Amino acid sequence: VIEFCGLELDHPIINASGCFDVLAARQVFGEALLERFPFAAYVSKTVTLAPRAGNPSPRLWETAGGMLNSIGLPNPGIDAYLAAHVSEYAKLGVPLITNVMGASEAEFAELVERVGEREEVAAIELNVSCPNVATGLDIGADPAGVSSLLGVLRPLTPKPLIVKLTPNTADVGACALAAEAGGADAVSLINTLRGMALAPGGERPWLGGRTGGLSGPAIRAVALAQVASVAERVSIAVVGMGGVASGSDAAELLEVGARLVAVGTESFRDPAAGARITAELASRFAENAA
Amino acid sequence: MACGFGACFGCVVETLDGYKRVCIDGPVFDAAVLA
């Protein structure tokens, strides 16, 4: 049993936000995939105040060892999420972590207050990789932004707050320290790295959103370095992620100080990746204990 | 295509009723609904 933000989790493997859609998986694979839910907690896709359609196509580009995505966080908005999705996710039998994103501190505040009222929600993850509409800068790209946001949000809910740090910053450790000082219960990293691809012919960006987020095994070395750096500097729990595709990948993030490990892009390639990686990790622990 | 089972929302096409996923809402669409 793993203690995380006051929650007791069966094992250290969870899903990365946006990378495991319970409703889609059930529609395609039936109840069997979900009967023994593979993750120790379920992290929702990012929810915003208003519904979002997402970015124009094309949304994906395959890279060496990974992919770029410019999905654009399509979601039904907070009203529909609370009315229809929360009760479905609560049936999974694991703690629900709701991921929210605002384009301003006021939007974040409304989201945290409304999500915080729901007893089905065990913790709230803050996606701060979003441009602030007032400044154009990513809210979580510097320690002052993280600090200011936590100053607004921390008094609004007793639920655990997890700050999903952006790797697109000069000093991720300083942002993690700002989250800790602001009262965050945990930090999670890494989010995708900003990247770009040109369309065949090389005349224009391929992705409809122009740039996208790089994920997959290509970013695992960056994840390991950033998680190690953050874990050395904060005493709150760290959720490590970035290119994890096997139990040994997960073990490395745990080794450098992560409390939990999230599986992201690998679940697109293999929808049963969560269960496989959890089993691989458990057998490593069993071997080491023997 | 990243996943092929409706989870990633990478394969959408624009229809009169918003973006639809080719993998599970298609792959065949009535041409009249495509935007």
Side-chain angles (χ1 to χ4, degrees), chain A residues 15-30 33-34 42-46 51-63 66-77 192 206-209 212-216 263-274, chain B:
Chain A
N15 67 296
S17 177
C19 298
F20 192 84
D21 186 316
V22 165
L23 305 177
R26 195 168 59 191
Q27 185 180 337
V28 174
F29 299 105
L33 188 70
L34 304 178
Y42 180 63
V43 186
S44 78
K45 291 184 187 225
T46 292
R52 283 169 66 105
N55 288 339
S57 296
R59 291 177 168 184
L60 295 172
W61 176 264
E62 200 169 316
T63 72
M67 68 177 207
L68 280 168
N69 87 77
S70 164
I71 307 295
L73 305 173
N75 78 91
T192 56
W206 169 256
L207 295 170
L214 182 64
S215 67
V263 176
T265 300
E266 181 67 4
S267 289
F268 294 143
R269 196 189 66 77
D270 171 11
Chain B
M1 191 174 282
C3 74
F5 58 91
C8 75
F9 290 76
C11 62
V12 296
V13 290
E14 196 169 3
T15 74
L16 300 177
D17 191 29
Y19 289 118
K20 296 290 177 192
R21 289 165 288 185
V22 173
C23 66
I24 62 171
D25 300 319
V28 178
F29 292 88
D30 185 336
V33 308
L34 294 175

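Lettering of chains follows the sequences in order, A, B, ..., and the numbering in each one begins at 1. What you are looking at is a predicted structure, and each value in this text was computed from that prediction instead of being measured.
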Is a side-chain N or O of A:R59 found less than 3.5 angstrom from the main chain of B:V12, in a donor-acceptor match?
->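 Not confirmed, A:R59 side chain does not pair with B:V12 backbone.
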Of all of A:P271, A:P74, A:S267, A:S57, which one pairs up most often with chain B through heavy atoms under 4.5 Å apart?
->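 The candidate making the most pairs under 4.5 Å is A:P271.
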Just give me the residue among A:C19, A:A25, A:P56 that pairs up with chain B most often, heavy atom to heavy atom, under 4.5 Å.
->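 It is A:P56.
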What distance separates A:L60 CG from B:C8 SG, expressed to the nearest 0.5 Å?
->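 Between A:L60 CG and B:C8 SG, I get 5.0 Å after rounding to 0.5 Å.
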If I measure from the heavy atoms of chain B, does [X] come under 4.5 Å with its side chain, its backbone, both, or neither?
X	value
A:D270	neither
A:F29	side chain
A:P58	neither

Closest heavy-atom contact between B:G6 and A:A24?
->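 Closest approach of B:G6 to A:A24: O-CB, 3.4 Å.
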Minimum-distance pair of heavy atoms, taken over all atoms of B:A7 and A:K45 |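 Closest approach of B:A7 to A:K45, heavy atoms only: O-NZ, 2.9 Å.
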Listed by chain and number, what are the side chain to side chain donor-acceptor pair (under 3.5 Å) partners of A:S44, not counting sequence neighbours?
->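 Side chain to side chain donor-acceptor pair (under 3.5 Å) check on A:S44 returns nothing, list empty.
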Check whether B:Y19 gets within reach of chain A through its side chain, its backbone, both or neither, counting any heavy atom under 4.5 Å.
->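 Side chain of B:Y19 only, per the 4.5 Å heavy-atom cut-off to chain A.
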